[in-house]
J.: 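Here's a structure for you.
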There are 2 protein chains.
Amino acid sequence: MIETDCVEVLDRIVTHTQIRPGQTVFEEGDEAKYAYNVSRGHVRLFKLLQDGRRQITGFLAPGDFLGLAARQTYAYSAEAITDADLCRLKVGELENLLEEMPPVRERLYEIANDELAAAQEQMLCLGRKTAKERVASFLISQLRHAADCGDGIAEFELPMSRSDIADYLGLTIETVSRTFTALREEGLIELPSTHRISIPSIATLEASTEA
Amino acid sequence: MIETDCVEVLDRIVTHTQIRPGQTVFEEGDEAKYAYNVSRGHVRLFKLLQDGRRQITGFLAPGDFLGLAARQTYAYSAEAITDADLCRLKVGELENLLEEMPPVRERLYEIANDELAAAQEQMLCLGRKTAKERVASFLISQLRHAADCGDGIAEFELPMSRSDIADYLGLTIETVSRTFTALREEGLIELPSTHRISIPSIATLEASTEA
DNA sequence: CGTTCAATTGAGTCTGTTCAACAGCGGTGG
DNA sequence: CCACCGCTGTTGAACAGACTCAATTGAACG
């Protein structure tokens with residue numbers, strides 16, 4: 001892990017910030033002065049249309065980066081979903097770091113490519129999948145993301161609201177809610193509480209993510 | 001331009017290939033042995049669901065790269081839309097090139113980030129825009145892409161079929177066709193021929209890409 | 001225990017789809 | 001030269017999945 005190698009260098013140049021649910025990290029169009037890493041909590045990334053329609057382009061969990069795009073301005077807005085801790089780093093410092101440690105750029109390139117692959121998968125979801133398939137795909141990807149972060153069991157927390165899920169999947173709150181209910185009635189998921197999901201058979205749910 | 005600096009090095013290690021409309025460059029899941037650059041013609045990138053539903057994730061014009069993702073396998077399929085010439089380069093050779101010329105990696109990083117920004121814009125389109133807004137957005141982006149390639153006037157060629165446009169915008173052929181007709185009847189576009197678009201007022205069309 | 005906000009459920013509507021027919025155009029061959 | 005064919009694109013009519021608007025339930029908190 002390159003991240004671990006850099007911990008000492010990083011500690012000298014990063015600052016830690018705490019934010020509350022709903023609080024803005026940065027907004028689309030802001031000058032991109034800082035890059036961030038999520039150390040605790042969850043963050044949503046999104047774009048807005050003038051009339052307020054919102055598309056969430058991604059959810060971040062601890063360990064994820066944001067603001068790495070290396071452009072003049074941020075291409076999307078970022079807000080905390082839960083209480084969150086962020087590491088903040090001036091992009092200028094990041095550039096210096098890249099000079100000193102070329103492998104870091106390689107790692108950034110990998111991260112960008114992973115995000116790109118995820119974005120393409122999401123395009124497939126938004127453009128060609130039904131409501132049920134979108135929700136199933138979302139749950140499977142959230143499960144995988146949660147599993148990476150530790151527990152291997154098929155029960156996990158959904159930190160975001162139905163509204164966030166809707167704006168991520170290109171649906172309405174009502175459709176998301178109805179689809180959760182339908183999946184529960186079909187026995188594909190269980191809902192111990194509103195923000196907690198249990199998946200009896202991952203393979204069965206996965207089968208309903210397409211075709 | 002870094003590309004220009006590298007021309008001599010590249011000439012030693014690339015091979016040129018020609019492909020015909022509809023011909024496959026590579027398929028999703030194939031081992032990613034080669035990276036490509038489009039030197040002539042147009043290419044579509046897409047993902048398929050098992051039942052045949054297709055999402056086109058991007059169109060490539062001369063100068064664009066494909067297969068740079070640096071993963072084990074390709075994340076999407078690529079087919080020629082028109083007759084096309086491609087430069088092909090072994091990914092191993094590309095790695096060597098990156099060792100010799102670090103700025104190239106920087107450039108690749110930029111390209112990946114541009115693609116990422118485009119993908120996020122497309123998510124907004126697919127998730128939250130109406131059919132009319134999607135088509136208008138598509139035409140504006142194609143115009144910009146064409147304008148980069150030379151002529152600054154607001155008339156250009158659409159090399160792809162209505163079916164390709166539909167699968168790019170998450171619509172059906174019929175809806176795309178009807179929307180073109182509607183835009184024409186509103187005076188927002190002109191259609192000198194099926195694959196040729198003229199935009200009397202870019203600002204007016206742009207206004208109908210949202211809200 | 002009441003307030004508030006999120007989530008669920010219900011009823012009716014609408015945008016975009018599906019299914020079907022038709023038009024345009026280029027290529028082929030009689 | 002023109003009739004025929006195949007393919008792409010357009011148009012029409014009926015349908016459906018998701019949306020909108022509205023009411024209800026549920027959970028968290030003072």
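The sequence lines fix the lettering, A, B, ..., with proteins before strands; numbering per chain opens at 1.
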J.: Which residue, B/Met160 or A/Thr194, contacts DNA chain D at a nucleotide closer to its 5' end, judged by nearest heavy atom?
T.: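 The residue whose closest nucleotide sits nearer the 5' end is B/Met160.
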J.: Roughly how many Å is it from CZ in A/Phe180 to P in D/dG26, rounded to a whole number?
T.: 19 Å
J.: Can you tell me if B/Thr172 touches the phosphate of C/dT18, counting only side-chain N or O atoms and a distance under 4.0 Å to OP1 or OP2?
T.: no
J.: How far apart are the closest heavy atoms of A/Asp51 and B/Ala211, and which atoms are they?
T.: OD2-CA, 3.9 Å
J.: So what does B/Thr130 touch, heavy atoms closer than 4.0 Å: a base, only the sugar-phosphate, or nothing?
T.: sugar-phosphate
J.: If the cut-off is 4.0 Å, is B/Thr175 near the phosphate of C/dT17, judged by side-chain N/O to OP1 or OP2?
T.: yes
J.: Give the rounded distance in Å between these two atoms: CZ of A/Arg196 and C1' of D/dA27.
T.: 17 Å
J.: Name the residue closer to the 5' end of DNA chain D, choosing between B/Ile173 and A/Val176 according to the nucleotide with the nearest heavy atom.
T.: B/Ile173
J.: Where the side chain of B/His16 meets the backbone of B/Cys87, is there a donor-acceptor pair that is under 3.5 Å apart?
T.: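 Flag not set: sc B/His16 to bb B/Cys87 has no pair under 3.5 Å.
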J.: Could you check whether B/Lys129 and B/Ser137, counting side-chain N and O atoms only, form a donor-acceptor pair closer than 3.5 Å?
T.: yes
J.: Using whole Å, report how far CG of A/Leu171 lies from C1' of C/dA7.
T.: 16 Å
J.: Give a yes/no on whether any side-chain N or O of B/His195 is located under 4.0 angstrom from OP1 or OP2 of D/dT8.
T.: no
J.: Round to a whole Å and report the spacing from CZ of B/Arg162 to P of D/dC7.
T.: 19 Å
J.: Return yes if some donor-acceptor pair links the side-chain N/O of B/Arg88 with the main-chain N/O of B/Thr15 below 3.5 Å, else return no.
T.: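 Checking the backbone N and O of B/Thr15 against the side chain of B/Arg88, no donor-acceptor pair under 3.5 Å is found.
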J.: Starting at CG of A/Leu191 and ending at C1' of D/dT25, how long is that distance when rounded to a whole Å?
T.: 16 Å
J.: Any side-chain N or O of B/Ser177 under 4.0 Å from OP1/OP2 of D/dT10?
T.: yes
J.: Pick the closest DNA chain C nucleotide for A/Arg128 and for A/Arg178 by heavy atoms, then say which residue is nearer the 5' end.
T.: A/Arg178
J.: Write down the distance between CD (A/Glu174) and P (C/dT13), rounded to a whole number of angstrom.
T.: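 The answer, rounded to whole Å, is 17 Å.
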J.: In whole Å, I'd like the distance from the CG atom of B/Asp51 to the C1' atom of C/dT18.
T.: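 Going from CG in B/Asp51 over to C1' in C/dT18 covers 15 Å.
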J.: Where the side chain of A/Ser39 meets the backbone of A/Asp85, is there a donor-acceptor pair that is under 3.5 Å apart?
T.: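 At least one qualifying donor-acceptor pair exists.
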J.: How many whole angstroms separate atom NZ of B/Lys129 from atom P of C/dG16?
T.: 14 Å
